[in-house]
J.: 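There's a structure below that I have some questions on.
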Amino acid sequence: MVKNDIYILGIETSCDETSCAVIKNGRQVLSNIVASQMEIHKKYGGVVPEIASREHMKNIFITCQEALSSAKIPLKKISAIAVVNGPGLKGSLLVGLSFAKAVAFALNKPLIGVNHIEAHIYANLLNEKQIALPFISLIVSGGHTSLILVRDIGEISIIGKTRDDAAGEAFDKIAKYLDLGYPGGPIIEKLALSGDRNAIRFPRPLTNSGNNDFSFSGLKTAVIYHVLEEKKQMNELKLPDLCASFQQAVIDILLEKSLNALHEYHIDTIVLGGGVTANESLRKAFTQTMKKNKIEIHFPPKELCTDNAAMVGCTGYYKYIKGNTDTFDIDVYTG
Ligand code: KG4
Ligand code: ZN
């Protein structure tokens with residue numbers, strides 16, 4: 001071991017995944033353990049906050065132990081503890097933050113609060129990837145749809161965000177409405193594979209708005225109206241066509257808004273992240289369009305698109321080397 005190696009213990013409990021990871025020198029994922037609560041929340045059609053907090057409480061200790069043992073790094077070698085303290089579900093965040101405070105206090109090591117959206121961006125820096133700065137990042141998850149200008153690591157500004165539903169939320173709500181299950185994204189993606197994406201022309205709200213904000217609730221309503229109309233006409237609902245057409249509308253909106261922002265800020269690199277960017281059709285469409293427009297594009301591997309602690313450890317590393325650590329009175333924030 002080189003003397004100056006930095007090992008960050010990352011902790012993520014902002015929603016329904018309890019995750020702990022050990023990251024070496026900000027780039028190397030030594031372990032990334034994710035305990036998903038998906039099966040538990042499935043029967044309710046979405047995340048139940050009270051249940052999520054209690055599950056985190058049950059899982060956090062064993063997840064942390066597993067992360068340390070599979071990384072083969074004893075606690076005493078950990079340089080700092082990085083934990084997501086927002087945005088997310090209050091009760092869930094409190095479990096991770098309290099646990100992180102206890103570990104940091106016991107080890108007498110720095111505590112670093114990490115922003116969940118920022119962590120999704122820097123998931124792209126893991127596995128030795130080099131990305132030229134500045135870049136624009138599009139983070140698309142169940143809670144967020146944001147365009148972010150990244151001038152430098154840690155120097156970011158949000159240049160656009162959703163005014164209502166997040167893109168992932170639209171996938172989840174439509175899947176729930178159609179009784180397809182939770183989470184909606186992967187289910188709709190699978191159904192869309194055998195559908196025609198041009199079958200139904202759904203609206204693409206705010207694509208010509210002249211700003212970088214998003215809106216997905218009108219698209220969601222249009223899908224619901226389409227279903228109601230088909231039922232009224234006694235037509236058989238073509239689920240694959242519906243899913244493919246809805247998914248294409250989401251992709252078109254995200255693409256159009258991203259291209260506008262890249263153009264406006266004269267940036268030629270885009271960095272994607274968040275659960276929705278695990279979607280294969282989205283990845284293909286973005287890759288093709290960005291290539292055509294001579295824009296460099298980066299995605300994290302699929303397992304680092306959805307919530308995980310590796311991205312938290314990576315973000316924590318950059319804060320650590322800049323001396324941006326926190327005091328023990330830091331709190332959680334929800335939005
Ligand atoms: O980033 P993430 O794991 O958690 C949040 O921070 O919200 O994202 C979860 C969201 C859910 O809304 C889920 O339906 C969506 O990402 N998602 C997908 C896919 N996989 C997950 N959406 C579309 N296609 C997918 N393959
Ligand atoms: Zn997330």
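Order of appearance sets the numbers: ligands from 1, and atoms from 1 within every ligand.
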J.: Below 4.0 angstrom from a heavy atom of His120, which ligand 1 atoms are there? Numbered from 1 as shown, please.
T.: 1 (O), 6 (O)
J.: Give the atom numbers and elements of ligand 1 that come within less than 4.0 Å of a heavy atom of Gly143.
T.: 7 (O)
J.: Under 3.5 Å between any N/O of Phe171 and any N/O of ligand 1: does that happen in this structure?
T.: no
J.: Using the side chain to side chain contact (heavy atoms under 4.5 Å, CB included) rule, pick out the option among Ile267, Thr269, Leu262 that qualifies with Ile295.
T.: Leu262
J.: Cut-off 3.5 Å, no hydrogens considered: what does the side-chain donor-acceptor table look like for residues 85-112, sequence neighbours left out?
T.:
| from | atom 1 | to | atom 2 | distance (Å) |
| --- | --- | --- | --- | --- |
| Asn85 | OD1 | Val114 | N | 3.4 |
| Asn85 | ND2 | Asp331 | O | 3.0 |
| Ser98 | OG | Leu94 | O | 2.7 |
| Lys101 | NZ | Phe328 | O | 2.8 |
| Lys101 | NZ | Ile330 | O | 2.8 |
| Lys109 | NZ | Lys76 | O | 3.3 |
| Lys109 | NZ | Ile78 | O | 3.0 |

J.: Do any pairs count as a side chain to side chain donor-acceptor pair (under 3.5 Å) and have a residue in residues 199-219, sequence neighbours left out, and if so which ones?
T.: Arg163-Asp213, Asp164-Ser215, Asp164-Ser217, Arg204-Asp252, Ser209-Asn211, Ser209-Lys257, Asn212-Glu264
J.: Which ligand 1 atoms does Gly168 reach within 4.0 Å, using its non-hydrogen atoms?
T.: 12 (O)
J.: Applying ring-ring contact (aromatic ring centres under 6.0 Å, His included), run through Phe135 and His298 and close with a yes or a no.
T.: CA-CA 10 Å; Phe135 58 76; His298 297 273; 7.9 Å; no
J.: Dump the intermediate steps for side-chain contact (heavy atoms from CB on, under 4.5 Å) on Leu237 and Lys231, then the final yes or no.
T.: CA-CA 8 Å; Leu237 196 61; Lys231 277 188 187 159; 5.7 Å; no
J.: Looking only at distances, please establish whether an N/O atom of ligand 1 is found under 3.5 Å from an N/O atom of Thr306.
T.: no
J.: Looking at Ile131, Leu138, Thr277, which one forms a side chain to side chain contact (heavy atoms under 4.5 Å, CB included) with Val271?
T.: Ile131
J.: Step by step, would you call Phe171 with Leu180 a side-chain contact (heavy atoms from CB on, under 4.5 Å)?
T.: CA-CA 11 Å; Phe171 272 96; Leu180 299 174; over 6 Å; no
J.: List the closest protein heavy-atom neighbour of atom 2 (P) of ligand 1: residue, atom name, distance to the nearest 0.1 Å.
T.: Asp307 OD1, 3.3 Å
J.: Work out whether the distance between some heavy atom of Gln247 and some atom of ligand 1 is less than 4.0 Å.
T.: no
J.: Who's the nearest protein heavy-atom neighbour of atom 19 (C) of ligand 1, and how far?
T.: Gly275 O, 3.6 Å
J.: Would you mind running through ligand 1 and noting each atom that sits below 4.0 Å from a heavy atom of His116?
T.: 6 (O)
J.: Just wondering, more than 12 heavy atoms not from Glu236 lying within 6.0 Å of its CD?
T.: no
J.: Please confirm whether Cys15 comes under 4.0 Å of ligand 1, counting heavy atoms of the residue only.
T.: no
J.: Counting non-hydrogen protein atoms only, what is the nearest one to atom 24 (N) of ligand 1? Give residue, atom name and distance.
T.: Asn279 ND2, 3.0 Å
J.: Which N, O or S atoms belonging to the protein are less than 2.8 Å from the Zn ion (ligand 2)?
T.: His116 NE2, His120 NE2, Asp307 OD1
J.: Can you tell me which residue among Leu272, Val276, Asn279, Leu147 is in a side chain to side chain contact (heavy atoms under 4.5 Å, CB included) with Val140?
T.: Val276
J.: Check the side chains of Asn293 and His263 for a donor-acceptor pair under 3.5 angstrom, ignoring hydrogens and angles.
T.: no
J.: Ignoring hydrogens and geometry, is there a side-chain-to-backbone donor-acceptor pair from Tyr122 to Gly154 under 3.5 Å?
T.: yes
J.: Tell me, which protein residue and heavy-atom name are nearest atom 26 (N) of ligand 1, and how many Å apart are they?
T.: Glu189 OE1, 2.7 Å
J.: Would you please determine whether His144 falls within less than 4.0 Å of ligand 1 on a heavy-atom basis?
T.: no
J.: Please enumerate all residues that pass side chain to side chain contact (heavy atoms under 4.5 Å, CB included) together with Asp241, with sequence neighbours excluded.
T.: Asp196, Ala199, Lys238
J.: Is ligand 1 under 4.0 Å from a heavy atom in the side chain of Asp172, in the backbone, in both, or in neither?
T.: side chain
J.: Select the closest option to atom 9 (C) of ligand 1 among Gly142, Gly185, Gly274, judged by heavy-atom distance.
T.: Gly142
J.: Is it the case that more than 12 heavy atoms not belonging to Arg54 sit under 6.0 Å from its CZ atom?
T.: no
